[in-house]
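Structure, as structure tokens:
Each ligand, and each atom within it, is numbered from 1 in the order the structure gives.
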Amino acid sequence: MTTAIYPGSFDPLTFGHLDVLERCVRLFDHVVIAILTNSQKSPLFSIEERLAMVRDVVLPKFPSVEIEMDRFHGLLVDYAQSKNAQVIVRGIRAVTDYEYELQMALMNRRLAPGIETVFMMPAENYSYLSSHLVKEIAGHGGSITGLVPELVENRLKEKFKKQA
Ligand code: PNS
């Protein structure tokens, strides 16, 4: 049985993440979405809000996926080992993602040689999609329809309305 961890900030979940998740579910027996802290980013949504969004969108769509509900602030490889995972999945969109992803994959391999990182390409119509751009567009009142699930779109609107 192969367990794959799909880690990320998911701030917020986009259709690009869901596309990669769909591919993971087809390949691996057990997929764990892990919402982790990226020390380089300050999140818009709290970890609880992100978990709630992932749970509400993903559970009805993929009933077989285990959603990790833990708050995890440590190293990804420690988390992966605690779940007995053999694989870390990362979505890669364009060449610009590659350098950062390669560095992380090689560093994670150094820390935990038994865990393999697998890169997956989302559908090309999501190759320009990022949580960062979604937040920027939503923050300025632009349309994000078709980029994120409706539930996420509504939570983004609520969040920016509260902040205004
Ligand atoms: O969605 P993101 O922000 O690109 O995800 C990056 C994430 C959260 C997977 C990465 O920052 C991470 O693994 N954080 C946990 C801490 C860690 O293990 N850092 C060392 C990576 S070599």
How many angstroms lie between CZ in Arg50 and OG in Ser131, if you round to the nearest 0.5 Å? 9.5 Å

Output the distance between atom CG (Leu51) and atom CZ (Phe10), rounded to the nearest 0.5 Å. 10.0 Å

Quick one: do Tyr6 and Arg23 satisfy side-chain contact (heavy atoms from CB on, under 4.5 Å)? Show the steps, please. CA-CA 11 Å; Tyr6 181 31; Arg23 293 170 204 280; over 6 Å; no

Can a salt bridge be assigned to the pair Glu158 and Lys162 using a cut-off of 4.0 Å between side-chain N and carboxylate O? no

Minimum distance, heavy atoms only, to [atom]: which one of [options] is it?
{"atom": "atom 19 (N) of ligand 1", "options": "Ile5, Leu75, Ile35, Asp78", "result": "Leu75"}
{"atom": "atom 3 (O) of ligand 1", "options": "Ser9, Ala105, Ser131, Pro7", "result": "Ser9"}
{"atom": "atom 7 (C) of ligand 1", "options": "Arg110, Gln40, Arg90", "result": "Arg90"}

Which residue and non-hydrogen atom of the protein lie closest to [atom], and at what distance in Å?
{"atom": "atom 18 (O) of ligand 1", "result": "Leu76 N, 2.8 Å"}
{"atom": "atom 14 (N) of ligand 1", "result": "Thr37 O, 3.3 Å"}
{"atom": "atom 10 (C) of ligand 1", "result": "Met104 SD, 3.9 Å"}
{"atom": "atom 8 (C) of ligand 1", "result": "Leu36 CB, 3.8 Å"}

List the steps, then state whether side-chain contact (heavy atoms from CB on, under 4.5 Å) holds for Phe62 with Leu21. CA-CA 9 Å; Phe62 305 100; Leu21 182 62; 3.7 Å; yes

Which of the numbered atoms in ligand 1 are under 4.0 angstrom from any heavy atom belonging to [X]?
{"X": "Gly74", "answer": "15 (C), 16 (C)"}
{"X": "Lys41", "answer": "2 (P), 3 (O), 4 (O)"}
{"X": "Asn108", "answer": "21 (C), 22 (S)"}

Which is it for Val77 and ligand 1 at heavy atoms under 4.0 Å: side chain, backbone, both or neither? neither

Residue part near ligand 1, for Gln103, under 4.0 Å between non-hydrogen atoms: neither

Quick check: does any side chain N or O of Gln86 sit under 3.5 Å from a backbone N or O of Ile115, one acting as donor and the other as acceptor? no

Main-chain N/O of Leu129 paired with Arg93 side-chain donor or acceptor, under 3.5 Å: yes

Would you mind reporting whether Met53 and Leu151 have side-chain heavy atoms less than 4.5 Å apart? yes

Going by heavy atoms, is Leu111 under 4.0 Å from ligand 1? no

Candidate list Leu44, Asp11, Val148, Leu13, test side chain to side chain contact (heavy atoms under 4.5 Å, CB included), partner Val134, passing option: Val148

